[in-house]
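Here's the structure we're looking at; comments come further down.
For clarity, every value in this text was computed on a predicted model and none was experimentally measured. Quick note: residue numbers are just sequence positions, from 1. Just so you know, ligand 1 is whichever comes first in the structure, and atom 1 is the first atom listed for that ligand.
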Amino acid sequence: MKKIKDTIEKIEKSCMQSCSKAKTADELEQIRVEYLGRNGKIAELMSTLKNCSLEEKRELGPLLNTLKTLLQETYETHKKRIDAKSITKQLFDVTAYRPHQLRGSTHIYTQLIHELSTIFISMGYTVADGPEVETEYYNFTTLNIPEDHPARDSHDTFWLCSPDRLLRTHTSSVQAHEMEKTTPPLAVFAPGRAYRSEATDATHDFMFTQGEILLINTDVSISNLLATAQEFLQAFFGKNDLKIRVRPGYFPFVEPGLEIDGSCPFCTTGCAICKKTGWIELLGSGLVHPKVLQYSGIDPEKYSGFALGFGIERLAMIKYGINDIRLFHSSNISFMNQF
Ligand code: PHE
């Protein structure tokens, strides 16, 4: 009697273990036959009851029935598990490939943002993100563009129905968010979409992507800005001898403001890309305006910084010879397949 009770326990344990280890329907079926089949372990135990006394039969009978039900249920549970797995596999076999079928790849936007992030991360920056639906405060006010400032008009803003909400017109809107989050030193690269309500043509689009660099520390100077700009452009265009030159530029949130041109990566004497000048306009930049620092609670007596911004499509168009900015979000397969 004690022996039979021990066997019942052993069978319960080993059947449950085997079921949970089973990976295929075939493996599970073998276990079912081994335990619950006509000549299986349960049937074998049932037949030993014949030789037991009436009293023993009364005690062991219900125990055996409970065991049988338990194993039956365990089997059903694992059957469901294995069936569900094989259906998922059939539906989502991501490796399935038929000849001549179009295959997906990483979109050029993703590739560019990844490439740019890698460059800036290698220079010690972290990647930052900000909202595309912005408030006037972050898009304009904190950037020293107060209401009635003519620079607001030049941004051709998409205003949203809810008051004070707009689609950000540049990624400079990320600056104040980042400055509020941390105390200097601060070095961030913020890539992302920007929107302007303007007519589209080969070089303008209502939606485009920009990259913004912001560095705040003690004693940041224009030489830091220029060295960063040159190193970045050399890395992006893969040209160690790329040179830069600066022209004065006006952006209300930097003082002084600089437009940075790069020497043409494709020629030395002038070509169609640089319009025979040998130089291409590439970046907007400058030292962060003291008022911008003040807006975010940073002491301009103690800290200084630089900001640098660029159109990601514009840089890619120059690098890869793309002649229409609208191709980037056109879903044109033959365009995208080239990257
Ligand atoms: N936000 C500016 C633009 O969209 C670019 C810029 C960024 C200029 C940072 C200076 C410094 O035109």
Side-chain angles (χ1 to χ4, degrees), residues 116 120 123 125 127-132 134-146 149-158 166-179 186-198 203-217 220-222 224-230 232-233 236 244-262 280-293 295-296 298 300 304-317 325:
L116 293 163
F120 287 115
M123 291 164 86
Y125 289 76
V127 179
D129 196 14
E132 289 174 32
E134 256 307 354
T135 57
E136 276 185 80
Y137 180 75
Y138 285 105
N139 197 77
F140 293 125
T141 316
T142 55
L143 292 164
N144 193 30
I145 315 176
H149 194 289
R152 286 208 185 188
D153 299 336
S154 70
H155 275 230
D156 302 312
T157 312
F158 278 114
L166 50 85
L167 292 180
R168 71 176 175 197
T169 58
H170 51 178
T171 44
S172 300
S173 59
V174 181
Q175 286 188 19
H177 285 295
E178 287 303 310
M179 287 193 272
L186 179 77
V188 288
F189 165 54
R193 287 199 188 100
Y195 303 82
R196 294 207 190 161
S197 172
E198 55 182 13
T203 51
H204 298 88
D205 211 345
F206 58 88
M207 180 182 81
F208 52 100
T209 50
Q210 285 191 330
E212 183 93 9
I213 297 294
L214 177 71
L215 179 110
I216 313 276
N217 206 344
V220 175
S221 71
I222 291 218
N224 300 129
L225 162 60
L226 298 183
T228 306
Q230 184 165 14
F232 155 54
L233 292 173
F236 182 74
I244 55 167
R245 71 174 187 187
V246 284
R247 290 173 290 113
Y250 176 67
F251 307 97
F253 39 93
V254 283
E255 180 58 40
L258 306 172
E259 303 265 9
I260 299 182
D261 299 339
I280 308 178
E281 190 182 319
L282 297 173
L283 315 168
S285 67
L287 293 187
V288 180
H289 196 293
K291 275 196 185 163
V292 173
L293 295 173
Y295 264 114
S296 301
I298 294 176
S304 49
F306 68 72
L308 186 154
F310 51 89
I312 294 183
E313 290 91 343
R314 183 171 157 70
L315 292 190
M317 285 169 82
I325 191 173

Ring pair (Phe, Tyr, Trp, His ring centres under 6.0 Å) partners of Phe206, counting only residues at least two apart
His329
Restricting to side chain to side chain contact (heavy atoms under 4.5 Å, CB included), what partner residues turn up for Val174, sequence neighbours left out?
Ala128, Arg168, Glu178, Ala190
Anything under 3.5 Å between a donor and an acceptor, one on a side chain of residues 283-291, the other on a protein residue two or more places apart or in another chain? List them.
{"residue": "Ser285", "atom": "OG", "partner": "Leu258", "partner atom": "O", "Å": "3.2"}
{"residue": "His289", "atom": "ND1", "partner": "Lys291", "partner atom": "N", "Å": "3.0"}

Under 6.0 Å between the ring centres of His170 and Phe253?
yes
Do the charged groups of Asp261 and Arg245 touch, with an N to O distance under 4.0 Å?
yes
NZ/NE/NH1/NH2 to OD/OE distance under 4.0 Å, Glu281 and Arg314
no
Close-range residues for ligand 1, whose non-hydrogen atoms fall below the 4.0 Å threshold
His170, Ser172, Arg196, Gln210, Glu212, Phe251, Phe253, Gly284, Ser285, Ala307, Leu308, Gly309
